[in-house]
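See below for the structure under consideration.
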There are 2 protein chains.
Amino acid sequence: MPQRSVPTIEDVARVAGVSRSTASRALLGGASDLARRRVEAAARQLGYSPNPVARALASGSGLRIVVAVHGQHAGQLDDPYTTRVVAAIAGAVAAQGVGVSSRWLPFDGTAAQVLHELGQDRTVCGVVLVNTTEALLAALPRSLRGRVVSIGIGAPGVPCFDVDNAGAAHVILRHLYATGRRRIVMITGPGWLPCAQRPVTAYRDFMAAAGMPVRLVGGDFSARSGREAVAQILARWPDTDAVYAISDAPALGALAALHEHGVGVPHDIAVAGFDDVPLAEFSAPALTTASHPVERIAAAAATAVLAKRSAPVTMFASELIRRRSA
Amino acid sequence: MPQRSVPTIEDVARVAGVSRSTASRALLGGASDLARRRVEAAARQLGYSPNPVARALASGSGLRIVVAVHGQHAGQLDDPYTTRVVAAIAGAVAAQGVGVSSRWLPFDGTAAQVLHELGQDRTVCGVVLVNTTEALLAALPRSLRGRVVSIGIGAPGVPCFDVDNAGAAHVILRHLYATGRRRIVMITGPGWLPCAQRPVTAYRDFMAAAGMPVRLVGGDFSARSGREAVAQILARWPDTDAVYAISDAPALGALAALHEHGVGVPHDIAVAGFDDVPLAEFSAPALTTASHPVERIAAAAATAVLAKRSAPVTMFASELIRRRSA
DNA sequence: GTGAAAGCGCTAACAA
DNA sequence: TTGTTAGCGCTTTCAC
């Protein structure tokens, strides 16, 4: 007597000729081979798929991944990078019936408290940290153990996923060097952000190895900071022949500023960024940059949280995108 | 005997001196005034907050909002606009323990089937339609009734939320007119998208009323389409003195193209967009555009889905952002 | 209006 | 390894 509603695990068990619990175990991958085969067959036959809500309630696991973004202000959640991460995860987890939501982890002492709340929250199945610092990793509540990953730096028990930004820096610097640039200024990211230091270190090493001067200007990933950096650069080092920005937004800001100052790009000063944002191709001149597979990184991080297992470190390659600006 | 774990509705009921069912009703807003007051007091005292997972299982309601994006290809899910919508919802629903995921609604016949799946899916509590067409609205399964809203056009039973893009078009066109432009070309959005027709209609009306020629070039919201449009424009209407693009991306593409063609902006041709994307401020020259509160719109749509009630139409104002390009 | 009881669909102790 | 038995925390009939 086929019933018209969605089949439950009870139905599967009945068809497979086992108890409900055995069916459950089999579907979770933990019964005898024979049982598992029969249960799987029954499930396939009935077109069964488990109800994640019931599963979550019974196992106490939750149904949403929270993207927890550390930063100065809540506006961080709307910034283009965070936005891409969240949206990519939203697409990646759709098939498992899971959702994503986002949360700001402030700089004042409350970040740890927010993390604690997330650990207690029965609706949360995992957390993806963005813009992680060592302090934050140290403040992770044990209630989150085993279900948190990081995009950026990691820690024991906290798998991390990120683009190989040291590698990206190298690729870009080599290109600038190969095209004759020798006085290369770098516009950095915020000093508190560990993974933003990796390209800086790469830059330092590269410049030292090549016997070229280290010239750093502070920035914060914003186009505005790139524009402001240019004023400093032109004032402090008039002989600059290249600007390498930690990401495309400041690079585009720099481009705008150089244009306003009447400096020719790439003739007088070459400009390179990092990220290959959609509009990088449409600046004047088109921006030379390096790719940053944000969507793939975010999806991998989300998948790892759900699977509750992953390699401790996963790096994604970046490649040079050569255009007109350098 | 205060117990250390999170309080359940059972605890609240006990403290309030009522049965569990009365407590449940009271929290849902449906008991006697007296009971409700006592239950609310007890809940406050215990710091109780309901477990959305249990609630979802019992009521069969689901715990994620699905952003369903209609479009030509799955890449639509990664486009900057969709991305902003998804991320904004992720932030807006975090407090209610809900998550977001996204789904592509293809153009081939399968969109209706996907919607049907979403209607059956026990994890889904509501759907936010993006890039809706009339055909899509007509294909909504009844299983989704009462829990779907649209960003764009709506229908009876499907509340809609959008920026007043006809108003935005007017504001921009008036500005172009006021600054002396008379031969204004519009770069449009995709023809199949109803809400992209509103600014076109506004443009037609405006031009007709002012006795100016209607000149339309097709686009698709991409910067590339803006660039390609410029080639056509220069060839077909060499006397053009302004380009109004349906959004900032094509406007920036147009800017890049005009620069390559050696056309002076705004001297020879003024350029205006719509959206005020973060980088609009950093083009050369900085882009004149109109604001588009995507985050507020998305949050309102999500809130309405969760509340299961809303005004049939909610429009958000747009304002002129005057910069250098027009 | 209220309480008792029956689920929602699944996982996880506990015995066997 | 398997089946039996309790729950997970809440909503929702159903009588009263």
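Throughout, a chain's letter reflects where its sequence line sits, starting with A, and its residues are numbered from 1. This structure is a prediction, so every number in the text was calculated from the model and none was measured.
Taking 4.5 Å as the limit, some side-chain heavy atom of B:Gln96 sits within range of a side-chain heavy atom of B:Leu306. Contact of the B:Thr8 side chain with the B:Asn51 side chain is not registered, since no non-hydrogen atoms from C-beta on lie closer than 4.5 Å.
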Fill in the blank from the handout: With B for base contact, S for sugar-phosphate-only contact and - for none (protein heavy atoms under 4.0 Å), nucleotides 8-16 of chain D reads BBBBBB---
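Terminal axes of the helix from C:dG1-D:dC16 to C:dA16-D:dT1 (five pairs each, C1' rotation axis) are separated by 30°, to the nearest 10°.
Applying the salt bridge (charged side-chain N to carboxylate O under 4.0 Å, His left out) test to residues at least two apart or on different chains, the pairs with a partner in residues 69-97 of chain B are B:Arg84-B:Glu295. Sorted pairs that involve residues 132-146 of chain B and meet salt bridge (charged side-chain N to carboxylate O under 4.0 Å, His left out), not counting sequence neighbours, are lacking altogether.
When atom types are taken as modelled, the side chain of A:Arg20 and the backbone of A:Glu10 share no donor-acceptor pair closer than 3.5 angstrom. Not a single donor-acceptor pair under 3.5 Å links the side chain of B:Arg296 to the backbone N or O of B:His292. Checking side-chain atoms of A:Trp104 against main-chain N and O of A:Gly71 turns up a donor-acceptor pair under 3.5 Å. Formation of a donor-acceptor pair under 3.5 Å by the B:His116 side chain with backbone atoms of B:Pro141 is not found in this model.
Using cut-offs of 30° and 60° for the angle between ring planes, the A:Phe107 and A:Trp192 rings count as perpendicular.
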Practice task
Assess whether side chain to side chain contact (heavy atoms under 4.5 Å, CB included) is satisfied between A:Leu27 and A:Tyr48, documenting all intermediate values.
Solution key: CA-CA 11 Å; A:Leu27 293 168; A:Tyr48 167 81; 3.6 Å; yes
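Note on A:Arg198 versus A:Asp164: no salt bridge recorded, every NZ/NE/NH1/NH2 to OD/OE distance being 4.0 Å or above.
Counting 5' to 3', DNA chain C first comes under 4.0 angstrom of a heavy atom of chain B and last does so at the ends given by C:dG1 to C:dG9.
Near DNA chain D, meaning a heavy atom under 4.0 Å away, the residues from residues 31-39 of chain A are A:Ala31, A:Ser32, A:Ala35.
No hydrogens or angles considered: a donor-acceptor pair under 3.5 Å links the side chains of B:Thr22 and B:Ser19.
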